[in-house]
Amino acid sequence: MMNTDFRELANGFIRQLTPYQPGKPLEELQRELGIEDAIKLASNESPLGASHVALAAGYSALNNAHIYPDGACFELKRALANFLQVKPEQLTMGNGSENVLELIIKSYLHAGDHAVISQYAFLTIPLLLQSYGTHVSVTPAKEYGHDTQALLAAITDKTRVIFLVNPNNPTGTYTTTAEFEAFMRQVPKHIVVVVDEAYSEYIEAEDYPNTLSYLPHYPNLIITRTFSKVYGLAAVRLGFSISSPEIADILNRSRLPFNVNSIAAAMGIAALSDQEHVKKTVALNRLGLIELEQGLTALNIPFIPSICNFVTVDVGDGKAIYETLLQAGVIVRPLHAYGMPRHIRVTTGTSVQNQRFLTTLGRIKESGIL
Ligand SMILES: *Cc1c(COP(=O)(O)O)cnc(C)c1O
């Protein structure tokens, strides 16, 4: 008998995959509860949204919706290269930075090769690695942050790529300039180092590394960034990497011909031109972090200090508190999938949203569940 079980016929790596669980959509919860004032602080989205300049560019680009996009993203790369002070040949554009992460895996990891990543690192990466049949060595975290010495110690002769998420989601921790520098010096030169910097624009810590400045010395370094977070363009899917031209050439060969659409490209160029909006977003986040951390301290609820646009909170039973918050119309992220069953992650919102979260959590605490 021929096997016609299309689950069994699938690639085993894919079959065994547990799909990534995104934050619960706002509309879904509002439908379920029959309410209209739910808030979502679950996906590290920007409470200010996109710049009006970017929105206008997007509307205008829709006029050419019938024309294929420029797959090479000439104008976008030129704007981005100019902004970052790198060469356009160093850039690879993607349908979100997760797309670029996939291009890296596809290009540099053959089935059976090893990749190294830290415990509690952004889950999309190990899931992508698993779908390509890569062996993943997960190194123990240090105080929830990446332990760069442990990452180095995990290197074997099969290791091809090391992933560093800086700052890390969902822990909000970061690798300092000194740690990064020592790490780069010790990584064997043939191993690709990927630094996922999805939140870099938010970071104001003095000792957060300027990784771009290391590119001339490290042709094995790839930095990934995104328009999804500080630029408020999560829905349009636009991310990129900065690397040596050699690596960018390879990544560009491995992408789909039209992986970035022209609406996203136009919005990206416009968003870059409005750095005032970025500043406003960063300033609002600074206030939000203070609000959340002070509020949690006042409630005597422990949290992991964060430099990002979210705070990870130790609520004892993450799933139970997540569910209870949901019933009150507040969506956060439970972290059991990360092996952090005690924690929830909450994104900084507007002041009103932050207060709503804190008040609701305070009430839950009073009721004795927390
Ligand atoms: C949000 C996030 C991304 C962004 O993914 P996109 O595909 O660009 O939306 C990447 N890495 C980390 C660590 C993130 O938290």
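Excluded from the calculations below are hydrogen atoms, water molecules and symmetry mates; all remaining heavy atoms, backbone and side chain alike, are included. Index from 1, following the sequence. Order of listing sets the numbers, starting from 1, for every ligand and every atom in it.
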Just let me know how Tyr199 lines up against ligand 1, side chain, backbone, both or neither, with a heavy-atom cut-off below 4.0 Å.
side chain
Flag the pair Lys279 and Glu276 as a salt bridge only when some basic side-chain nitrogen lies within less than 4.0 angstrom of an acidic carboxylate oxygen.
yes
Taking NZ, NE, NH1 and NH2 as the nitrogens, is one of them in Glu8 or Arg15 under 4.0 Å from a carboxylate oxygen of the other?
no
Say whether Ser228, considering both its backbone and side-chain N or O atoms, lies within less than 3.5 Å of an N or O atom on ligand 1.
yes
Ligand-residue contact atoms, ligand 1 with Asn169, heavy atoms, under 4.0 Å:
13 (C), 14 (C), 15 (O)
In this structure, atom 11 (N) of ligand 1 is nearest to the protein heavy atom Asp196 OD2, 2.6 Å
Between Asn44 and Thr347, a side-chain donor and acceptor under 3.5 Å
yes
In a table with atom names and distances, give each donor-acceptor pair under 3.5 Å that connects a side chain of residues 315-329 to protein atoms at least two apart or in another chain.
residue	atom	partner	partner atom	Å
Asp317	OD1	Lys319	N	3.4
Asp317	OD1	Ala320	N	3.2
Thr324	OG1	Ala320	O	2.7

By number and element, which atoms of ligand 1 are closer than 4.0 Å to a non-hydrogen atom of Val165?
13 (C)
Do the ring centers of Phe180 and Tyr214 come within less than 6.0 Å of each other?
yes
Should Asn44 be listed as contacting ligand 1, given a heavy-atom distance under 4.0 Å as the test?
no
So which heavy atom in the protein is nearest atom 5 (O) of ligand 1, and how far is it from that ligand atom?
Ser97 OG, 3.3 Å
Presence of salt bridge, Glu366 and Arg363, under 4.0 angstrom
no
Taking 4.0 angstrom as the limit and counting only heavy atoms of Ala198, give me the atoms of ligand 1 inside it, by number and element.
2 (C), 3 (C), 10 (C), 11 (N), 12 (C), 14 (C)
Within-cut-off N or O pair, Arg237 and ligand 1, under 3.5 Å
yes
Centres of the His146 and Phe183 rings: under 6.0 Å?
no
Which residue from Glu102, Glu45, Arg225, Lys229 reaches closest to atom 1 (C) of ligand 1 through any of its heavy atoms?
Lys229
